[in-house]
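On a predicted model such as this, the values are computed, not experimentally measured, just so you know.
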Amino acid sequence: MPFPTSIAEATVLHNGVRMPWLGLGVWKTQNGQETVDAVTAAIRNGYRAIDTAAIYKNEESVGRAIAESGVNRNELFITTKVWNDDQGYDSTLRAFDKSRELLGLDVIDLYLVHWPGKDKFKETYRALETLYNDGKVRAIGVSNFKVHHLEELMGSCNIKPMVNQVEFHPLLTQKELLNFCRKHSIQLEAWSPLMQGNLDIPLLKELGDKYGKTPAQIVLRWDLQHGVVTIPKSVHEHRIKENADVFDFQLSDAEMEAIDGLNQDKRFGPDPDEFLF
């Protein structure tokens, strides 16, 4: 696959919708001015994708920053997610309406089932299909789904998920899941790509020194060269700019394999098979 060479480039989901390769995540970003400032800084520096969720409690501030940005709505790609407490068909539809109201948007670009949980994700996803068919969302998908979750969902759904957003980084490379998603044209997206700041790894520093980049930039480039959409989180404009400065170099195949070799199947977030509700 050709590697993206600018922040303006996008992958094309299996329904034809364009999704930017790089976006801003706002997990743990405080509702209010902190979120408004972070989203504003991201948009000012060329980001066009913003990823939030109902549980983040900052959708309203994301919406405010979008409204004040002066950027045409059609240029932006906004993702939010239905939280676990709202899983189920009718409750998901209600949760979506609340998220849409808080964001101040008529249409959401991507709506995700936040976690598979125990036994409700199929009826939750059925609600997403309804929203998609009604034109209220441009794309639908899931988050934190393993291969077996995807197989179970795809055995009953009418619309294959367009995106699966999961924890993905050099210590958790999820090769089986990445290959499964590629095979089925499901776009993999990385949350916590920077391992919640645990970047003190000699190989990443060595490659950073070689290319004049930070370890974080090496990881983000590794994501992109694996064909994985990535949404690093930051509230600092200099870091937001730095995270986007990953399009002017290319890791070699050997370097990609070396980073792959760092895998420890280590999670910084919950294991979806154990996070049941």
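At a threshold of 4.5 Å between non-hydrogen side-chain atoms, the residues Met154 and Pro161 count as touching. Within the 4.5 Å cutoff, no side-chain heavy atoms of Glu9 are placed close to those of Leu224. Two residues are said to be in side-chain contact when any heavy atoms from C-beta on lie closer than 4.5 Å; Leu76 and Ile50 fail this criterion. Here the side chains of Pro272 and Arg267 are in contact, with some heavy-atom distance below 4.5 Å. By the 4.5 Å heavy-atom criterion applied to side chains, Thr124 and Lys120 are counted as neighbours. By the 4.5 Å heavy-atom criterion applied to side chains, Ile7 and Arg48 are not counted as neighbours. Counting heavy atoms from C-beta on, the side chains of Asn243 and Leu220 come closer than 4.5 Å. Put simply, the side chain of Trp83 reaches to within 4.5 Å of the side chain of Trp115, judged on heavy atoms.
Between Tyr56 and His114, the ring planes lie perpendicular to each other; the angle is over 60°, past the 30° to 60° tilted range.
Taking each heavy atom of Phe121 and Pro116 in turn, the nearest pair found is CD2-O, 3.2 Å. Across all their heavy atoms, Thr40 and Ala65 have their closest contact at OG1-CB, 3.8 Å.
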Walk me through it: do Gln165 and Ile231 pass the test side-chain contact (heavy atoms from CB on, under 4.5 Å)?
CA-CA 10 Å; Gln165 183 187 118; Ile231 45 169; 3.7 Å; yes
Show, in sequence, the C-alpha distance, side-chain angles and deciding distance for Met162 and Ile140, and conclude whether the side-chain contact (heavy atoms from CB on, under 4.5 Å) test is met.
CA-CA 6 Å; Met162 288 129 201; Ile140 55 176; 4.2 Å; yes
Determine whether Asp51 and Lys233 satisfy the following criterion, salt bridge (Lys or Arg N to Asp or Glu O under 4.0 Å), listing intermediate values before the conclusion.
CA-CA 9 Å; Asp51 179 276; Lys233 175 248 180 179; over 6 Å; no
I'd like to know whether Asp109 forms a salt bridge (Lys or Arg N to Asp or Glu O under 4.0 Å) with Arg73, so could you lay out the CA-CA distance, the side-chain angles of the two residues, the decisive distance to 0.1 Å, and finally the verdict.
CA-CA 10 Å; Asp109 297 288; Arg73 169 66 184 96; 2.8 Å; yes
Could you go through the side-chain contact (heavy atoms from CB on, under 4.5 Å) check for Ser91 and Val82 one step at a time?
CA-CA 9 Å; Ser91 48; Val82 57; over 6 Å; no
Salt bridge (Lys or Arg N to Asp or Glu O under 4.0 Å) for Arg94 and Asp90? Distances and angles first, verdict last.
CA-CA 6 Å; Arg94 289 192 295 270; Asp90 291 331; 5.2 Å; no
Glu237 vs Arg44, side-chain contact (heavy atoms from CB on, under 4.5 Å): CA-CA, chis, key distance, verdict:
CA-CA 10 Å; Glu237 183 161 11; Arg44 180 165 55 237; 2.9 Å; yes
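Note that the CD1 atom of Ile108 and the CZ atom of Phe77 stand 10.5 Å from one another [nearest 0.5 Å]. Here the straight-line distance linking atom SG of Cys157 with atom CD of Glu152 works out to 11.0 Å at 0.5 Å rounding. From Met195, atom CE reaches atom CD1 of Ile201 across 4.0 Å, with rounding to the nearest 0.5 Å. Leu207 CG to Thr214 OG1: the interatomic distance, rounded to the nearest 0.5 Å, is 11.5 Å. Annotation: the span from Thr92 atom OG1 to Asp97 atom CG amounts to 11.0 Å, rounded to 0.5 Å. If you take CZ on Phe168 and OG1 on Thr230, they are separated by 9.0 Å, rounding to the nearest 0.5 Å.
The cluster map of Ile, Leu, Val, Met, Phe, Trp and Tyr, joined by side-chain heavy atoms under 4.5 Å apart, puts Leu177 and Leu172 in different clusters. Taken together through direct or relayed side-chain contacts under 4.5 Å among Ile, Leu, Val, Met, Phe, Trp and Tyr, Phe275 and Val113 form part of one hydrophobic cluster. If you chain together hydrophobic residues whose side chains sit under 4.5 Å apart, Val71 and Leu22 fall into the same group. No path of Ile, Leu, Val, Met, Phe, Trp and Tyr side chains, each step under 4.5 Å between heavy atoms, connects Leu153 with Leu276, placing them in separate hydrophobic clusters. Each of Val137 and Val107 belongs to its own hydrophobic cluster when Ile, Leu, Val, Met, Phe, Trp and Tyr are linked at side-chain heavy-atom distances under 4.5 angstrom.
More than 12 heavy atoms of other residues, nucleotides or ligands lie within 6.0 Å of NZ in Lys146, so this atom counts as buried by the packing criterion. Crowding of Asp200 atom CG: a count of heavy atoms from other residues, nucleotides or ligands under 6.0 Å not exceeding 12. By the neighbour-count criterion of 12 heavy atoms within 6.0 Å, atom CZ of Arg239 is sparsely surrounded, having that number or fewer from other residues, nucleotides or ligands. Residue His236 qualifies as open at atom NE2: its count of foreign heavy atoms under 6.0 Å is 12 or below. Heavy atoms of other residues, nucleotides or ligands lying less than 6.0 angstrom from CG of Asp119 number more than 12. Applying the 6.0 Å contact sphere to CD of Glu60 captures no more than 12 heavy atoms from other residues, nucleotides or ligands. The environment of CD in Glu101 is sparse: at most 12 heavy-atom neighbours from other residues, nucleotides or ligands sit within 6.0 Å.
With Asn45 contributing its side chain and Lys241 its backbone, the two residues share no donor-acceptor pair below 3.5 Å. Side chain of Glu167 to backbone of Phe268: a donor-acceptor contact under 3.5 angstrom is found. Tyr211 places no side-chain N or O within 3.5 Å of a backbone atom of Gln217 that could act as its donor or acceptor partner. Listed for the Lys81 side chain is no donor-acceptor partner under 3.5 Å among the backbone atoms of Ile55. Checked by atom type and distance alone, the side chain of Glu255 never pairs as donor or acceptor with a backbone atom of Leu251 at under 3.5 Å.
For the side chain to side chain contact (heavy atoms under 4.5 Å, CB included) with Thr52, the lone residue among Leu102, Val39, Thr80, Thr35 that qualifies is Thr80. For the side chain to side chain contact (heavy atoms under 4.5 Å, CB included) with Val235, the lone residue among Leu24, Thr29, Val26 that qualifies is Thr29.
With sequence neighbours excluded, the residues that form a ring pair (Phe, Tyr, Trp, His ring centres under 6.0 Å) with Phe96 are Tyr111. Listed by chain and number, the residues in a ring pair (Phe, Tyr, Trp, His ring centres under 6.0 Å) with Phe180 are His184 (sequence neighbours excluded). With sequence neighbours excluded, no residue forms a ring pair (Phe, Tyr, Trp, His ring centres under 6.0 Å) with Tyr89. A search for salt bridge (charged side-chain N to carboxylate O under 4.0 Å, His left out) contacts involving Asp37 returns nothing, not counting sequence neighbours. Applying the side-chain contact (heavy atoms from CB on, under 4.5 Å) criterion to Asp134, with sequence neighbours excluded, gives Thr130, Lys136.
Using modelled atom types, one finds no donor on one side chain facing an acceptor on the other under 3.5 Å when comparing Asn198 with His169.
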Can I get a per-line list of side-chain donor-acceptor pairs under 3.5 Å for residues 256-263, giving both atom names and the distance, sequence neighbours left out?
from   : atom 1 : to     : atom 2 : distance (Å)
Asp260 : OD1    : Trp222 : NE1    : 2.8
Asp260 : OD1    : His226 : NE2    : 2.8
Asp260 : OD2    : Lys175 : NZ     : 3.1
Asn263 : OD1    : Thr173 : N      : 3.0
Asn263 : OD1    : Thr173 : OG1    : 3.4
Asn263 : OD1    : Asp265 : N      : 3.1
Asn263 : ND2    : Asp265 : OD1    : 3.0

